[in-house]
**Q** 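Dropping the structure in here first, questions after.
The structure displayed is predicted, hence computed values, not measured ones. This chain uses plain numbering: 1 for the first residue, then up along the sequence.
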Amino acid sequence: MTDRTQPHTVQVHTTAGRFGDTAAGTNRYADRGPSTSKVIAVITGLPIGGTLLLFAGLALAGTLLGLAVTTPLFILFSPVIVPATIVVGLSVAGFLTSGACGLTGLSSFSWVMNYIRQTHGSVPEQLEMAKHRMADVAGYVGQKTKDVGQKTKEVGQEIQTKAQDSKRT
């Protein structure tokens, strides 16, 4: 550890300059215009956004016009269209369910195959480890059983002693 002979210095910075205002209250960015990237963004963004907005409006108008034209047809042909819609909807749902179940089955099969490939070389070691664990658990259960038997025997002897003492008195 070294002794400091010089005192510590503290520098204080004001926050007035952070937001564009100088100490005199004028904006230091007033003499600059927008950056080149902002100008390019506006030049490219306005036509693209306007075109997309125009397409959205045309799609809405077309949808409303088509709905106005086909509504009477739907009402006239509803006894045929409704059951056909139900059949098509159920068919699509069936195909999607079948695909989802098939994909789940394939991914499960792939996971099992990868798991078997990873543990193929170490199966004998895993079996030995499992045997040792089973032996340890069996020894633990045996000891606990012996302890419970001993405790039961002690409680039985205590009850028998109390019963004999109560007969004597």
**Q** If Ile, Leu, Val, Met, Phe, Trp and Tyr residues are connected whenever their side-chain heavy atoms lie under 4.5 Å apart, and connections chain through other members, are Ile75 and Leu73 in the same group?
**A** no
**Q** Looking only at non-hydrogen atoms, find the nearest pair between Leu76 and Pro79 and report the distance.
**A** O-CD, 3.8 Å
**Q** In a table with atom names and distances, give each donor-acceptor pair under 3.5 Å that connects a side chain of residues 136-157 to protein atoms at least two apart or in another chain.
**A**
| residue | atom | partner | partner atom | Å |
| --- | --- | --- | --- | --- |
| Gln143 | NE2 | Asp147 | OD1 | 3.1 |
| Thr145 | OG1 | Val141 | O | 2.7 |
| Thr152 | OG1 | Val148 | O | 2.7 |

**Q** How long is the span from the CD1 atom in Ile86 to the OG atom in Ser91, to the nearest 0.5 Å?
**A** 11.5 Å
**Q** To the nearest 0.5 angstrom, please state how far the OG1 atom of Thr44 sits from the CD1 atom of Ile40.
**A** 8.0 Å
**Q** What are the two closest heavy atoms between Pro47 and Val42, and how far apart are they?
**A** CD-O, 4.2 Å
**Q** Is there a side-chain contact (heavy atoms from CB on, under 4.5 Å) between Leu106 and Ser110? Walk through the geometry before answering.
**A** CA-CA 6 Å; Leu106 285 176; Ser110 173; over 6 Å; no
**Q** At their closest point, which heavy atom of Pro83 faces which heavy atom of Val80, and how far apart are they?
**A** CD-O, 3.5 Å
**Q** Which donor-acceptor pairs under 3.5 Å do the side chains of residues 53-62 make with protein atoms, sequence neighbours left out?
**A**
none

**Q** Run through Val87, Ile81, Val82 and flag the one making a side-chain contact (heavy atoms from CB on, under 4.5 Å) with Thr85.
**A** Ile81
